[in-house]
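All values derive from a computational prediction rather than experimental measurement.
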Amino acid sequence: MKTIKSVFSLFLLLGLGLLASCSDDDDPVIIEEEEAISHVVLTFTPEEGGDAVTATWFDADGDGTGAPTIDEIALVEGEEYTLTLTLTNTLASPEEDITAEILSEDDEHMFFFAFTNNIFGDPMGDGNIGVGSRDDALNYNDQDENGNPLGLSTSWTAGGHTETPGEFRVVLKHQPDLKSATTTSEDGGTDIDITFPLNIVEDPNADEEQITEVTLTFTPTGGGADITAVWFDADGDGVGMPTIDDIELDASTEYTMAITLANTLEDPDEDITAEIAGEDDDHMFFFGFTADIFSSPSGDGNIGAGNRNDPLNYNDEDSEAQDGSGNPVGLSTTWTTGAATSGTFNVVLKHQPGIKSGTSNSTMGGTDVDIEFDININ
């Protein structure tokens, strides 16, 4: 069980103890009990309307042997939320509203938050818990009487769909006589420290785009016939296996590669390429390949958590200016082959609503396409 502890209460008890020692035995000694927090509720309210998402931490028996129950948080990708916290002592009768007490002592309390790195589109990063992290980006909606953050109300924008659960940690610090613009989560006493599981889920109201055909078209920049390689899944989510062409390129040749995507289960075929171009700020292609199979880009591609900035030759970006001010898309790229060899060529399309940035990588967001072609340099 987590508690709110008052330094004032300690001095009061000491003072009362001294008074009692100097008084008659019949004089009463007042003992102030600590406030207990047994119930914490997080309520995420969508800015655009809709049902609120709640997650509860509940310690039914306080300091008893039972473990607290902790709900999972499930937020919709790209959705903006206002988070409010309510805290209660359910062990008292009637129940005590700890939220009101925190508000009345807002100059002594502050909530800090930590979360899986870049699981949110806003704020980015991993929160402001830890030494040196106080000024890391967070969106507080409330302040104490001195203008310092409180944290009973904050704003959050969910990032892209997560393949595995992340974490969301809430810490309430009690900082009487020391809370300031620079105090951190290491200062003062800890009233609560709770870690919730956090999932970013796909929008249940959004129609999923089905991709059944992906075509890579390599056009020699010096002239010559196009070379194509096709991935094709004739029955979509059916039982049949997709067919995958080998990529056959000439050695020491520069190519521009264009990617087209379609849903051939619709009649007529649905052009997914146009939809990606229309939502280019939510999408990015990543590429991985056998090391040094190309002379440009060198290396083995930019797939992987730490590889976002590894060499790749993107020809397009998610900015109308197309002047380098935006982030890459990848419907068009340039490749120069090396000497004759064979290897693999991996194409990954990530859907990153609300989180695509100059640092977002291939591990973030949902995966629309993940195809490995065999490649031969002849």
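Inter-residue side-chain proximity for His351 and Met364 is flagged as unmet; no heavy-atom pair is nearer than 4.5 Å. Side chains of Asp144 and Lys179 form a contact here, defined as non-hydrogen atoms less than 4.5 Å apart. By the 4.5 Å heavy-atom criterion applied to side chains, Leu249 and Ile375 are counted as neighbours. By the 4.5 Å heavy-atom criterion applied to side chains, Ile259 and Thr273 are not counted as neighbours. Side-chain contact between Thr54 and Phe44: absent, with no pair of heavy atoms (C-beta onward) separated by less than 4.5 Å. A 4.5 Å side-chain heavy-atom check between Phe218 and Thr256 finds every atom pair outside the cut-off. Between Gln210 and Leu265 the shortest side-chain heavy-atom distance falls below 4.5 Å. The side-chain heavy atoms of Ile276 and Leu261, taken from C-beta on, include a pair separated by under 4.5 Å.
Under the 3.5 Å distance criterion, the side-chain polar atoms of Thr333 are left unmatched by any main-chain donor or acceptor of Gly330. Looking only at distances, no side-chain donor or acceptor of Asp271 sits under 3.5 Å from a matching main-chain atom of Glu275. Of the possible donor and acceptor atoms, one in the side chain of Gln175 sits under 3.5 Å from a partner among the backbone N and O of Asp187. Although no hydrogens or angles enter the test, the distance criterion places a donor-acceptor pair under 3.5 Å between the side chain of Asp142 and the main chain of Leu152. Without hydrogens or angle criteria, Ser104 side chain to Ile102 main chain gives no donor-acceptor distance under 3.5 Å. Panel note: side chain Gln322, backbone Ser319; a donor-acceptor pair is recorded below 3.5 Å. At least one donor-acceptor pair under 3.5 Å links the side chain of Thr290 to the backbone N or O of Thr344. Using a distance-only test at 3.5 Å, with no hydrogens or angles considered, no donor-acceptor pair links the side chain of Asn263 to the main chain of Glu270. Using a distance-only test at 3.5 Å, with no hydrogens or angles considered, no donor-acceptor pair links the side chain of Thr215 to the main chain of Thr260. For Asn146 (side chain) and Asn148 (main-chain N/O), no donor-acceptor pair under 3.5 Å exists by modelled atom type.
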Take Asn141 and Ser155, measure what side chain to side chain donor-acceptor pair (under 3.5 Å) needs, and give me the verdict at the end.
CA-CA 7 Å; Asn141 298 327; Ser155 294; 3.1 Å; yes

Going through the checks in order, is the side chain to side chain contact (heavy atoms under 4.5 Å, CB included) test met by Ile119 and Ile200?
CA-CA 8 Å; Ile119 200 168; Ile200 308 298; 3.7 Å; yes

Residues Asp193, Arg169; criterion side chain to side chain contact (heavy atoms under 4.5 Å, CB included); working and verdict:
CA-CA 7 Å; Asp193 187 342; Arg169 182 180 172 197; 2.8 Å; yes

Evaluate the criterion side chain to side chain contact (heavy atoms under 4.5 Å, CB included) for residue pair Leu150 and His109; output intermediate values, then yes/no.
CA-CA 7 Å; Leu150 177 56; His109 293 90; 4.3 Å; yes

What do the steps show when you test Lys350 against Asp368 for salt bridge (Lys or Arg N to Asp or Glu O under 4.0 Å), and what is the final call?
CA-CA 6 Å; Lys350 299 298 290 192; Asp368 292 335; over 6 Å; no

Val347 vs Phe373, test: side chain to side chain contact (heavy atoms under 4.5 Å, CB included). Steps then yes/no.
CA-CA 8 Å; Val347 179; Phe373 295 83; 4.3 Å; yes

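With respect to the salt-bridge test (charged N to carboxylate O, under 4.0 angstrom), the residues Lys356 and Asp318 qualify.
Residues Thr334 and Asn315 bring a donor and an acceptor atom of their side chains to less than 3.5 Å of each other. Residues Asn128 and Ser133 have side chains that never bring a donor and an acceptor to within less than 3.5 angstrom of each other. Looking only at atom types and distance, the side chain of Thr212 has a donor-acceptor partner in the side chain of Thr264 under 3.5 Å away. Side chain to side chain, Thr217 and Asp226 fail the donor-acceptor criterion of an N or O pair below 3.5 Å. Between the side chains of Asp122 and Thr157, no donor-acceptor pair is found at a separation under 3.5 Å. Side-chain polar atoms of Thr82 and Thr45 form no donor-acceptor pair below 3.5 angstrom. Side-chain contact, Glu108 with His174: a donor N or O sits under 3.5 Å from an acceptor N or O. Between the side chains of Asn199 and Glu72, a donor-acceptor pair is found at a separation under 3.5 Å. With hydrogens and angles left out, the side-chain atoms of Glu167 and Thr195 include no donor and acceptor closer than 3.5 Å. Judged by distance alone, the side chains of Thr90 and Ser38 do bring a donor and an acceptor atom under 3.5 Å apart. A donor-acceptor contact under 3.5 angstrom links the side chains of Glu248 and Asn378, judged on distance only. Side chain to side chain, Asp370 and Asn346 meet the donor-acceptor criterion of an N or O pair below 3.5 Å.
Distance check, rounded to the nearest 0.5 Å: CD of Gln143 to CG of Asp107 gives 13.0 Å. Note that the CG atom of Asn309 and the OG1 atom of Thr359 stand 8.5 Å from one another [nearest 0.5 Å]. Between the OG atom in Ser360 and the CE atom in Met124 there is a gap of 6.5 Å [rounded to 0.5 Å]. Here Ile70 contributes atom CD1 and Ile194 contributes atom CD1; the two are 7.0 Å apart, rounded to the nearest 0.5 Å. With rounding to the nearest 0.5 Å, the separation of OG in Ser362 from CE in Met284 is 9.0 Å.
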Extract all donor-acceptor atom pairs below 3.5 Å that involve side chains of residues 296-306 and protein atoms in other chains or at least two apart in sequence.
unit_1: Ser296; atom_1: OG; unit_2: Asn313; atom_2: ND2; d: 3.1
unit_1: Asn302; atom_1: OD1; unit_2: Phe287; atom_2: N; d: 3.0
unit_1: Asn302; atom_1: ND2; unit_2: Tyr314; atom_2: OH; d: 2.9

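Pairing each heavy atom of Pro123 with each of Trp156, the nearest pair is CD-CE3, 3.5 Å. The heavy-atom pair separating Ala52 from Pro46 by the smallest distance is CA-CD, 4.0 Å. The nearest pair of heavy atoms linking Val41 to Thr56 is CG2-OG1, 3.8 Å. Shown here for Ser357 and Arg308, the closest heavy-atom pair between the two residues is O-NH1, 2.9 Å. Of all the heavy atoms in Phe112 and Thr184, the pair that sits closest is CZ-C, 3.5 Å. Residues Phe111 and Leu87 share a closest heavy-atom pair of CZ-CD1, 3.9 Å.
Counting heavy-atom neighbours within 6.0 Å of Asp51 CG, excluding the residue itself, gives a total of 12 or less.
Under the 4.5 Å side-chain contact rule for hydrophobic residues, Phe58 and Phe196 do not share a cluster. Both Leu103 and Ile98 sit in one connected hydrophobic cluster of ILVMFWY residues. Membership requires side-chain heavy atoms under 4.5 Å apart, directly or through other members.
When hydrophobic side chains of Ile, Leu, Val, Met, Phe, Trp and Tyr are connected at separations under 4.5 Å, Phe232 ends up clustered with Val230.
The aromatic ring centres of Phe294 and Trp335 sit less than 6.0 Å apart.
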